[in-house]
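A short write-up of the structure that comes next.
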2 protein chains.
Amino acid sequence: MLSRSAWRSGARLRKRRPETSTVGPPARSRPTLEAVATVAGVSRATVSRVINGDHRVRADAAASVRAAIDQLGYVPNQAARSLVTRRTDAVAVVVAEPQERVFIDPFFGTIFRGVGKALAEHGLQFVLLLLEGTTDRDSVVRYLAGGHVDGALIFSLKSDDALPAAVTGLDLPAVFSGRPDWPRHQAGDDVLFVNADNRGGGATAARHLQSLGRSKIATITGPMDQAASVDRLLGFRDELPHLADSLIVEADFSRHGAARAMHLLLERHPDLDAVFVASDLMAAAALDVLREQGRRVPDDVAVVGFDGIAAVAERTSPPLTTIHQDIEKMGRLMVDLLTQAITGPGEPRPESITIPTRLVRRLSA
Amino acid sequence: MLSRSAWRSGARLRKRRPETSTVGPPARSRPTLEAVATVAGVSRATVSRVINGDHRVRADAAASVRAAIDQLGYVPNQAARSLVTRRTDAVAVVVAEPQERVFIDPFFGTIFRGVGKALAEHGLQFVLLLLEGTTDRDSVVRYLAGGHVDGALIFSLKSDDALPAAVTGLDLPAVFSGRPDWPRHQAGDDVLFVNADNRGGGATAARHLQSLGRSKIATITGPMDQAASVDRLLGFRDELPHLADSLIVEADFSRHGAARAMHLLLERHPDLDAVFVASDLMAAAALDVLREQGRRVPDDVAVVGFDGIAAVAERTSPPLTTIHQDIEKMGRLMVDLLTQAITGPGEPRPESITIPTRLVRRLSA
DNA sequence: ATGAAAGCGCTAACAT
DNA sequence: ATGTTAGCGCTTTCAT
């Protein structure tokens, strides 16, 4: 829900330019369509046609319009345009995660590359909205509702986040990263998402470790308030139904948290011979701890990660065996879904997508 | 220069909603001011006043307006508003760097935290624009020129980037990160920037290493097409005027590049006893190489980094002695400058800022 | 304190 | 092929 006073967007910053300019360059206000039309000796409509690629314009008229545009340095006013077209050609990418994670976990860098490329292909501007505190949610919802963008891609992993519900109530095309599991979500809700087969991936990890003959298998999970973490653990347990609770330690997708979890596991079970870690970044940290504690990988302890980001998995020592999901592709798919949703009713409604995961074997397991 | 056809922003995505709704929820178009006014039984002007915090409205009128707003779920259309106010209450943060760097080097995460907080305090929306290839420059310039934002913060470290010149030609308030050194820049240009005293920091590093009694001092620099890298080296040489070229290796601010540079230095000068590395991230990589090559730090080789990001410098082994710049503060200062510039002519013109750097001693030197 | 009315700069019928 | 015209949703004089 939008807090009422939130509209007053704080200090009004720009003072109106005094008509009688004081000092400095006389605030040449940007040229308008009208100005271009006058210079080119045609009507506004013709200029508009040239700008928007309407071919029903005589070549010489078009040429003089273009000349006028260049001469004046004219750039269309987007506010005016989108007021009538109801389109902005921009898409918001909303990330409701602490900045620490966004700028450190390569997951985001990778998926944004996919998103960015796909958006560019569609001629859409990539607008990234970062949320710092809880306060920001209002301001972002206002931004989205205010018509700045044609649609939104939402990255909000915590189940109890208020943002998803706020966004779905907005009548703005939106696609989520990961399966929805926030409180007010109903199975029937027509929420679009792109998900990886986290459960299947967790199961694959467990089977692989078992096939290696490991018997004391532990796992370091992500935060249990995120669907992806829950699903990975669920799949893992599908194959290891008798897994003791003491072999499961929850961490927070950070290096630091994973290191702590690894220490804890080693303390509890000095004889463990395998660990499934819910992200590559955390697996890298676990490897460091294992080495430091004198365990050889994979001889003493086999390690399987999750993500399959080459930049991370190939550079650990030993290189990391991991459950791979095509993250960049997930980004592209989110954009595909969104553009279909924007195209709107009348077209067949696009469907959410779950992409497969697969084991990529390197040396750690 | 804006390529002419660039305005045609690609596929027109949204088909106009058929007035005669087909299936699904009838595309309830967003309520307008007019609708709120009707429900509240007042005029548009009064509703507008309530929304914008104008106090010259009777309490009961204001109350019924607010009730109508809640009932209808009304949110102002920003395009319409900014068409008349000529303000958007949004600021673009433009990053002309490869995404790899943005999402890995903690410099960006840190400075964005400062920027984000300061913008929020001013009631301004943070809009991050990421540039992938060169193609994107047009699209970003169009976005900035199109009136989507009130100002821009530009992070573009490469000297030969076309973006800064394009932006300064735009009559849009802008503040740059780092001193300007792009080709068309003239000393007289009134470009606003926030810079760290990179040259002073480089000199401090050199003096510190000398004070430790080191005599074979090398350096791993950042890319020489970036002012910050050049300045750090300049300062370093100020104190070490006879530094041999073979003791200088250029890297690219990446871990990988720094590791390669460190190997190269060790090969050339197995007897080196100190290294100044132009970023903490690179210094961390250099430490790894040194350890791996059997050098003790700081006993055999002293290492000084640059940035002073605690999250990096405190977690290396040994913890990193580094030249500290208050990155988060730089972010805040950029916003301060920008808001002053947006306030516009009439006010005293703000001045660019260079913040000091200082040595923070830990164990590596 | 409130309403009427005039635009902001643009696109999209509708004429011609 | 081109011009005329009517808005898009809002803020802001100017009256009252």
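Atoms considered below: every heavy atom in the structure, side chains included; atoms not considered: hydrogens, waters and symmetry mates. Every chain is numbered from 1 and lettered A, B, ... according to where its sequence line falls, protein lines coming before strand lines.
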Exercise for review: In whole angstrom, give the distance that lies between atom CG of B/D54 and atom C1' of C/dT2.
Suggested key: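 To the nearest whole Å, that distance equals 11 Å.
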Point to revise | Separation of atom CD1 in B/I69 from atom C1' in D/dC10, rounded to whole Å | key: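 In whole Å, D/dC10 C1' lies 13 Å from B/I69 CD1.
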Point to revise | Residues that A/E34 engages under side chain to side chain donor-acceptor pair (under 3.5 Å), provided they are two or more places apart | key: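 Checked A/E34 against side chain to side chain donor-acceptor pair (under 3.5 Å); matches are A/R44.
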Exercise for review: With sequence neighbours left out, write down each residue that passes side chain to side chain donor-acceptor pair (under 3.5 Å) with A/Q71, or none if nothing qualifies.
Suggested key: none
So which protein nitrogen or oxygen atoms get under 3.5 Å of nucleotides 9-11 of chain C's nitrogens or oxygens?
| residue | atom | partner | partner atom | Å |
| --- | --- | --- | --- | --- |
| C/dG9 | OP1 | B/R86 | NH2 | 2.3 |
| C/dG9 | N2 | A/A80 | O | 3.2 |
| C/dC10 | OP1 | A/Y74 | OH | 2.3 |
| C/dC10 | OP1 | A/N77 | N | 3.2 |
| C/dC10 | OP2 | A/L33 | N | 2.3 |
| C/dC10 | N4 | A/R44 | NH2 | 2.9 |
| C/dT11 | OP1 | A/N52 | ND2 | 3.2 |
| C/dT11 | OP1 | A/R81 | NE | 2.8 |
| C/dT11 | OP1 | A/R81 | NH2 | 3.0 |
| C/dT11 | OP2 | A/S48 | OG | 2.8 |
| C/dT11 | O4 | A/R44 | NH2 | 3.3 |

**Study point:** Derivation and outcome, salt bridge (charged side-chain N to carboxylate O under 4.0 Å, His left out), residues A/R86 and A/D150
**Key:** CA-CA 8 Å; A/R86 303 173 159 295; A/D150 295 337; over 6 Å; no
Report yes if some heavy atom in the side chain of [X] is under 4.5 Å from a heavy atom in the side chain of [Y]; otherwise report no.
X: A/H122; Y: A/L338; answer: no
X: A/S82; Y: A/R87; answer: no
X: A/I51; Y: A/L33; answer: yes
X: B/L144; Y: B/V167; answer: yes

Exercise for review: Output all residues satisfying ring-ring contact (aromatic ring centres under 6.0 Å, His included) with A/F155, sequence neighbours left out; order by chain, then residue number.
Suggested key: A/F112
Check your understanding: For the helix from C/dA1-D/dT16 to C/dT16-D/dA1, what is the angle between the axes at its two ends, each from 5 pairs, rounded to 10°?
Key -> 40°
**Study point:** side chain to side chain donor-acceptor pair (under 3.5 Å) evaluation trace for A/S139 with B/Q125
**Key:** CA-CA 7 Å; A/S139 119; B/Q125 181 64 47; 3.0 Å; yes
Revision key, fill the gap. Nearest heavy-atom approach of B/L163 to B/A96 is CD2-CB, 4.2 Å
Practice item. Give, ordered by number, those residues of residues 56-64 of chain A having at least one heavy-atom distance below 4.0 Å to an atom of DNA chain D; if nothing qualifies, reply none. Key: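 Those residues are A/R56, A/V57, A/R58, A/A61.
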